[in-house]
Amino acid sequence: MIEETDFETFLYVSKNKYKVFVFDNKKLENLYCKELTVYNETNFYELNNLSKFLDENIYKIEKLVGNFIKNIILIIEDDQTLQVNVAIKKKNYENSINQKCLENNLIELKDLFKENYQEQIIMHMIITNFIINGRKYSSITNNSNSDHMCLEVNFISVSNDLIFLFEKLLQKYQIKISEYMCGNYIKNFSYEDNSELSLMAYKLRNGFNDNEVILVPKNIENKGFFEKFFQLFS
């Protein structure tokens with residue numbers, strides 16, 4: 001039996017291809033990988049082919065790892081994926097930018113997005129610019145002196161309606177979606193890094209993009225809203 005913490009299961013879905021793979025977190029390679037090209041699927045709302053694909057592969061995966069698959073990371077590639085840039089400008093009364101200052105601004109931006117796009121689920125939150133005293137920076141130094149700070153963030157999200165369909169389908173196998181990722185976002189880095197989709201998905205989930213803020217559930221012990229926003233400091 002393979003320990004559950006040693007691997008992660010991914011499901012990639014687009015309009016013309018399905019792919020499921022089990023990634024070995026230690027060896028950094030696929031333990032299992034199957035894909036299906038779909039020729040007659042016109043949108044995500046027709047999931048018959050995906051259901052058959054999962055029927056053929058979930059049992060094989062569980063037999064391979066010697067355990068039930070409880071969670072899966074869903075990678076969605078769709079033209080309707082929403083990308084929104086949101087900015088916030090704040091006066092810095094402490095005259096220095098530190099970790100706490102950045103966290104507060106990120107929380108406010110996340111809440112602002114969720115308030116205005118209530119039918120969307122955030123997949124990725126990427127800082128595109130730090131504007132300090134009128135100058136743009138790709139990263140900032142802890143305790144930088146500044147009277148004002150402007151933070152620009154790109155949100156990549158997917159509709160709740162679409163997620164509901166996938167969640168309902170995976171309930172059939174008693175599998176929960178633990179995380180959502182954007183296929184186009186992953187592929188952009190795969191082309192630059194010449195990595196397989198599975199390896200790049202793993203890298204991005206573990207801080208490959210220094211400017212991506214990794215969101216984590218509030219109830220995870222000893223962790224707050226963000227997993228690695230502190231890595232944004234140079």
**Asked** Quick one: side-chain contact (heavy atoms from CB on, under 4.5 Å) partners of Glu56, sequence neighbours excluded?
**Response** none
**Request:** Please round to the nearest 0.5 Å and tell me the distance separating atom CD1 of Ile107 and atom CG of Leu112.
**Result:** 13.5 Å
**Request:** Show the numbers, then the answer: is there a side chain to side chain contact (heavy atoms under 4.5 Å, CB included) between Phe21 and Ile75?
**Result:** CA-CA 11 Å; Phe21 51 90; Ile75 301 174; 4.1 Å; yes
**Prompt:** Do you know which two heavy atoms are closest between Ile127 and Val153, and how far apart they sit?
**Reply:** CG1-CG2, 4.0 Å
**Fill in**
For Lys27, the salt bridge (Lys or Arg N to Asp or Glu O under 4.0 Å) test, sequence neighbours excluded, returns none
**Prompt:** Yes or no on side chain to side chain contact (heavy atoms under 4.5 Å, CB included) for Leu151 and Leu102, after CA distance, side-chain angles and deciding distance?
**Reply:** CA-CA 9 Å; Leu151 199 58; Leu102 179 58; 3.9 Å; yes
**Request:** List in chain and number order the residues that pass side-chain contact (heavy atoms from CB on, under 4.5 Å) with Lys114, two or more places apart in sequence or in another chain; answer none if no residue qualifies.
**Result:** Lys110, Ile122
**Check: Thr128 main-chain N/O paired with Asn211 side-chain donor or acceptor under 3.5 Å** = no
**Request:** Output every pair passing salt bridge (Lys or Arg N to Asp or Glu O under 4.0 Å) with a member in residues 177-186, not counting sequence neighbours, ordered by first then second residue.
**Result:** Glu179-Arg205
**Prompt:** What pairs with Asn105 under side chain to side chain donor-acceptor pair (under 3.5 Å), at least two apart in sequence or on another chain?
**Reply:** none
**Hphob cluster co-occupancy, Leu64 + Phe10, side-chain heavy atoms under 4.5 angstrom** = yes
**Item:** Tyr12 side, atom OH; Lys17 side, atom NZ - distance, nearest 0.5 Å
**Value:** 6.5 Å
**Side chain proximity check, Phe155 to Ile126, heavy atoms < 4.5 angstrom** = no
**Request:** Examine Ile186 and Leu28 and state if one hydrophobic cluster contains both, with Ile, Leu, Val, Met, Phe, Trp and Tyr joined whenever side-chain heavy atoms are less than 4.5 Å apart.
**Result:** yes
**Fill in**
Heavy atoms of Met123 and Glu212 approach each other most closely as O-OE2, 4.5 Å
**Residue pair Leu170, Leu74: steps toward the side chain to side chain contact (heavy atoms under 4.5 Å, CB included) verdict** = CA-CA 11 Å; Leu170 288 166; Leu74 180 62; 5.6 Å; no
**Request:** For Lys60, enumerate each residue passing the side-chain contact (heavy atoms from CB on, under 4.5 Å) test, keeping only those at least two apart in sequence or located in another chain.
**Result:** Tyr32
**Request:** Please report the shortest heavy-atom distance between Ser157 and Thr81, naming the atom on each side.
**Result:** O-CG2, 3.3 Å
**Contacts of Tyr185 that satisfy ring pair (Phe, Tyr, Trp, His ring centres under 6.0 Å) - sequence neighbours left out** = His124, Phe189
**Prompt:** With a 4.5 Å heavy-atom cut-off, do Ser159 and Gln120 have their side chains touching?
**Reply:** yes
**Fill in**
Across all chains, not counting sequence neighbours, the ring pair (Phe, Tyr, Trp, His ring centres under 6.0 Å) partners of Tyr117 are Phe113
**Asked** Are Leu109 and Val84 connected in the hydrophobic side-chain network, where two residues link if heavy atoms are under 4.5 Å apart?
**Response** yes
**Item:** Derivation and outcome, side chain to side chain contact (heavy atoms under 4.5 Å, CB included), residues Asn116 and Val86
**Value:** CA-CA 11 Å; Asn116 287 276; Val86 183; over 6 Å; no
**Asked** When rounded to the nearest 0.5 angstrom, what is the spacing between CD1 in Ile61 and OH in Tyr173?
**Response** 11.0 Å
**Request:** Just say parallel, tilted or perpendicular for the rings of Phe53 and Tyr18, cut-offs at 30° and 60°.
**Result:** tilted
**Message:** With a 4.5 Å cut-off on side-chain heavy atoms, are Glu196 and Asn30 touching?
**Reply:** no
**Request:** Any chance you could measure Ser198, atom OG, to Asp24, atom CG, to the nearest 0.5 Å?
**Result:** 11.0 Å
**Prompt:** Gln174 side chain to Gln171 main-chain N or O, any donor-acceptor pair under 3.5 Å?
**Reply:** no
**Prompt:** Nearest 0.5 Å, what's the OG-CG distance between Ser190 and Leu204?
**Reply:** 7.5 Å
**Item:** Beyond-backbone contact of Lys15 with Val38, side-chain heavy atoms, under 4.5 angstrom
**Value:** no
**Message:** According to a hydrophobic-cluster definition based on side-chain heavy atoms being under 4.5 Å apart (Ile, Leu, Val, Met, Phe, Trp, Tyr only), do Phe164 and Val158 belong together?
**Reply:** no
**Prompt:** With Tyr180, which residues qualify under ring pair (Phe, Tyr, Trp, His ring centres under 6.0 Å), at least two apart?
**Reply:** none
**Item:** Any Leu106 side-chain heavy atom under 4.5 Å of Met125 side chain
**Value:** yes
**Item:** With sequence neighbours excluded, residues passing salt bridge (Lys or Arg N to Asp or Glu O under 4.0 Å) with Glu108
**Value:** Lys90
**Side chain to side chain, Ile177 and Leu11, heavy atoms closer than 4.5 Å** = no
**Asked** Asn160 versus Ile121: any side-chain heavy-atom pair under 4.5 Å?
**Response** yes
**Item:** Qualifying residues under side-chain contact (heavy atoms from CB on, under 4.5 Å), relative to Leu169, sequence neighbours excluded
**Value:** Leu47, Leu50, Ser51, Leu54
**Fill in**
Residue pairs passing the salt bridge (Lys or Arg N to Asp or Glu O under 4.0 Å) test with at least one member in residues 150-176, sequence neighbours excluded, are Asp55-Lys172
**Request:** Can you measure from CG (Asn209) to CE (Met200) and round to the nearest 0.5 angstrom?
**Result:** 10.0 Å
**Asked** Would you call Val22 and Ile69 a side-chain contact if the rule is heavy atoms closer than 4.5 Å?
**Response** no
